[in-house]
Amino acid sequence: MKNKELAAMFSEMADILEITGEVIFKVNAYRKASRVLDELLEDITRIHSEGKLHDLTGIGKAIAAKIEEYLATGDMRKFNEVKAMVPPSVVSLLEIQGLGPKTVGMAHKRLGVQSLDDLKRAIADGSLEKLPGMGAKKIGGIRRGIELFESGHKRVFLYDAICIADDIITQLKATFGNEIGRISPAGSTRRMRETVRDIDILVETDQGEAVVAAFTRLPLAKAVLAAGATKGSIVTASGVQVDLRAVPTASFGAAQQYFTGSKAHNVKLRGIARTHNFKINEYGIYEGERKLGGESEEDIYRILGLTWIPSELREDRGEIECAASGCLPQLIDYGEIKGDLHVHSNKSDGHLSIARMSEAAVKLGYQYLAICDHSKSAAYARGLSPEALLDSIAEIKALNEKFSNFRILAGTEVDILSDGNLDYDDELLAQLDFVVASIHSAFTQNPTGRIIKAIENPHVDMIGHLSGRLLGKRDGYAVDYERIFEAARQTNTLIEINAQPMRFDLDDIHARRAAESGIKLAIISDAHDAVQLQYMKTGIGIARRAWLTKQDVLNTAPVEQILS
DNA sequence: GCCGTTTTCGGCCCGACTGTTTTCAGTCG
């Protein structure tokens, strides 16, 4: 699909044009177009051939013409023109904290800076400091930004972000006790995005200065970027930036709404506010000087004529329209999972025995746990021979004697081999309670056909990590989602939402599409030890981002329904 | 460059923090 290519092109043009000083609204129009293309599920080629380019919001006459040109010729004159203005090595300087388009543009134009090395030289020989608006402190900030950049300031996995936020919240609560009220993550952590760049935390307090000061003195703070009366900013030892904002009670809800975003969601909300002659900021919602609300998030949405929108939905993907017409779904809740349908034991590449994994699941209040160790061809993961699998089945049967309100399901994560056959024969698979089939090799060899063949095997209950992607490491294999969803629908086969922090596979967008296609999903941890069972929480977050309800997710059901 | 239930022209979210200024610009979220 050309969608991603075009999205990247418009995004790159936006960056370059901003550096060269193009009017910001044009830059933002390109950014918006990039985002729309990036999130589009339908093939842009098809939309174009149906003459529906103009139906997309953010795609007007000029951008549509550029898309058209690219689809027809494989080239875009405007893109080439823009690209020639500034080399990519300059554009990448924007990733440095504290260095924005104005400074990059000025360094490029006035000093001929072409790369990171040039920039360092301009700092070292003092020429950067001589430019207008530059001083010793600003240069110091850019230096720090370069250090951070070179030490690999990447996005962190959602699960890690939540752990860091929880840790900070616990410590601040312990220090301040009743002096602080509500305290919670905001930003992309609260929206449960699969990765997070910075962690935002909001705290309800009148002691802003003291709380911010304590925050910047926490043991995990390696560097302090800012410390004011309402905002503090640190970098942790692991290189993650954490922002804390101190907010008084009367505006906590407004601040929560504001800092949770997303940006696109807030922009649209502000647009609605404007049509009512209201103004929203982080302190509240106002009509002229008169404050209408702001202590709770519900205030803001209610006054705009909307029902409260769960944070995971706030991406401007139709949630505001639904909140206006009252058609928001009843999202699956964090307490509704009754069991995990894909975990490993130390029989294959897990770290704990089946018994220990089961005890951990019981502690979480689960009613069932499917042990799905790897199959014989997965040598790297110590896959089970047929005999070893039979031993497992016997062991599980014996263990189940001890439980009254809990059941271990005998399962497997069977490899889908390169020819599309499964790694165990049907006779063996028939003896299992739950069968997950996954691709672990030969990623380029007709993955769609192999997955569909697996789906058509009557013993297969669920397809594991459908795309095989690893965030930050490897793109998914090229699967035809629509064909696979159709096959799964016809055979009542589940597709999993794998909650491993670097997988989230299906991702939110495809999980939503799957549910719309009439498929049931399961959220599973793919845990290899007891702690990893906790990944379920972020998996539910992704499911909520996908607009899934309890009915869309099979493992909200009791065990009888799983086995039926 | 996009968009329209006040608009086909004139808007386009908005404020904190910081540093370099002496009233503001850049960056960030």
Side-chain angles (χ1 to χ4, degrees), chain A residues 10 13-14 17-19 21-36 53-67 78 82 93-107 129-142 144-145 186-191 196-202 208-209 212 224-233 241-247 251 254-286 300 316 324:
Chain A
F10 282 109
M13 283 196 283
L17 291 173
E18 194 172 16
I19 288 171
E22 180 59 86
V23 284
I24 195 66
F25 303 112
K26 190 165 171 176
V27 171
N28 286 339
Y30 279 17
R31 292 236 159 87
K32 165 108 195 222
S34 168
R35 176 176 174 268
V36 168
L53 274 184
H54 291 92
D55 293 354
L56 301 170
T57 55
I59 309 288
K61 214 167 147 191
I63 290 182
K66 291 179 178 66
I67 293 174
K78 177 77 176 179
V82 171
L93 296 177
L94 290 177
E95 291 167 45
I96 295 168
Q97 290 267 315
L99 200 56
K102 297 288 177 195
T103 315
V104 169
M106 191 164 61
E129 196 171 344
K130 291 204 184 79
L131 294 180
M134 290 288 137
K137 287 212 169 176
K138 217 160 199 175
I139 300 290
I142 293 171
R144 233 178 14 225
S188 42
T189 309
R190 181 164 177 243
R191 297 202 316 281
V196 171
R197 200 182 59 183
D198 306 319
I199 299 170
D200 293 301
I201 299 174
L202 287 185
E209 201 140 8
V212 168
V224 178
L225 301 179
T230 67
K231 181 188 163 185
S233 203
Q241 184 174 329
V242 186
D243 297 336
L244 183 87
R245 290 166 203 276
V247 186
S251 41
Q256 240 187 336
Q257 197 292 311
Y258 186 89
F259 289 113
T260 296
S262 66
K263 188 173 172 179
H265 176 91
N266 283 0
V267 166
K268 182 164 265 184
L269 222 54
R270 258 151 244 285
I272 293 175
R274 231 183 18 252
T275 65
H276 292 91
N277 277 326
F278 297 156
K279 188 181 78 168
I280 316 173
N281 57 28
E282 59 259 59
Y283 301 107
I285 177 162
Y286 299 86
I300 312 288
D316 187 22

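Below, read A as the first sequence line, B as the second, and so on, with proteins coming before strands; counting in each chain starts at 1.
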Name all residues meeting the salt bridge (Lys or Arg N to Asp or Glu O under 4.0 Å) criterion together with A:Arg35; count only those two or more places apart in sequence or in a different chain, and write none if there are none.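 A:Arg35: salt bridge (Lys or Arg N to Asp or Glu O under 4.0 Å) contacts with A:Glu39.
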Please enumerate all residues that pass salt bridge (Lys or Arg N to Asp or Glu O under 4.0 Å) together with A:Asp316, with sequence neighbours excluded. A:Lys268
Roughly how many Å apart are [M] and [N], using the [atom1] atom of each and rounding to a whole number?
N	M	atom1	answer
B:dT21	B:dC12	P	30 Å
B:dC13	B:dC28	C1'	14 Å
B:dT23	B:dT18	C1'	15 Å
B:dT6	B:dG1	C1'	23 Å
B:dT20	B:dG26	P	14 Å

Base, sugar-phosphate alone, or nothing: which one does [X] contact when heavy atoms must sit under 4.0 Å apart?
X	value
A:Lys279	sugar-phosphate
A:Ala229	sugar-phosphate
A:Asn281	sugar-phosphate
A:Ser233	nothing
A:Lys66	sugar-phosphate
A:Phe259	nothing
A:Ile96	sugar-phosphate
A:Ala227	sugar-phosphate
A:Ala136	sugar-phosphate
A:Leu99	sugar-phosphate
A:Asp243	sugar-phosphate
A:Ile280	sugar-phosphate
A:Pro132	nothing

Hey, which sits more toward the 5' end of DNA chain B by its nearest nucleotide, A:Leu56 or A:Asn28? A:Leu56
With nearest nucleotides of DNA chain B determined for A:Phe278 and A:Lys26 from heavy-atom distances, which residue corresponds to the more 5′ nucleotide? A:Lys26
Could you tell me which nucleotide pairs with B:dC28 by Watson-Crick or G-U wobble geometry, both distances under 3.5 Å, or answer none if nothing does? B:dG15
Under the side chain to side chain donor-acceptor pair (under 3.5 Å) rule, collect the residues that match up with A:Thr189, sequence neighbours excluded.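 For A:Thr189, no residue satisfies side chain to side chain donor-acceptor pair (under 3.5 Å) once neighbours in sequence are set aside.
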Tell me whether the count of non-hydrogen atoms from other residues, nucleotides or ligands lying under 6.0 Å of CD in A:Glu209 goes above 12.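 No - once you tally the heavy atoms of other residues, nucleotides and ligands closer than 6.0 Å, there are 12 at most.
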Sequence neighbours excluded and cut-off under 3.5 Å, please list the side-chain donor-acceptor pairs for residues 24-32 of chain A, or say none.
from	atom 1	to	atom 2	distance (Å)
A:Asn28	ND2	A:Ile24	O	3.4
A:Arg31	NH1	A:Glu18	OE1	3.3
A:Arg31	NH2	A:Asp15	OD1	2.7
A:Arg31	NH2	A:Glu18	OE1	3.0

Run the ring-ring contact (aromatic ring centres under 6.0 Å, His included) test against A:His276 and tell me which residues pass, sequence neighbours left out. A:Phe278
Could you give the distance from CD1 (A:Ile285) to CD1 (A:Ile280), rounded to the nearest 0.5 Å?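 The distance works out to 4.5 Å.
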A:Leu202 side, atom CG; A:Gln257 side, atom CD - distance, nearest 0.5 Å: 11.0 Å
Based on the glycosidic angle (syn within 90° of 0, else anti), state the conformation of B:dT7.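 With its glycosidic angle within 90° of zero, B:dT7 counts as syn.
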Shoot me the first and last contacting nucleotide of DNA chain B against chain A, ordered 5' to 3', at under 4.0 angstrom to non-hydrogen atoms. B:dG1 to B:dG29
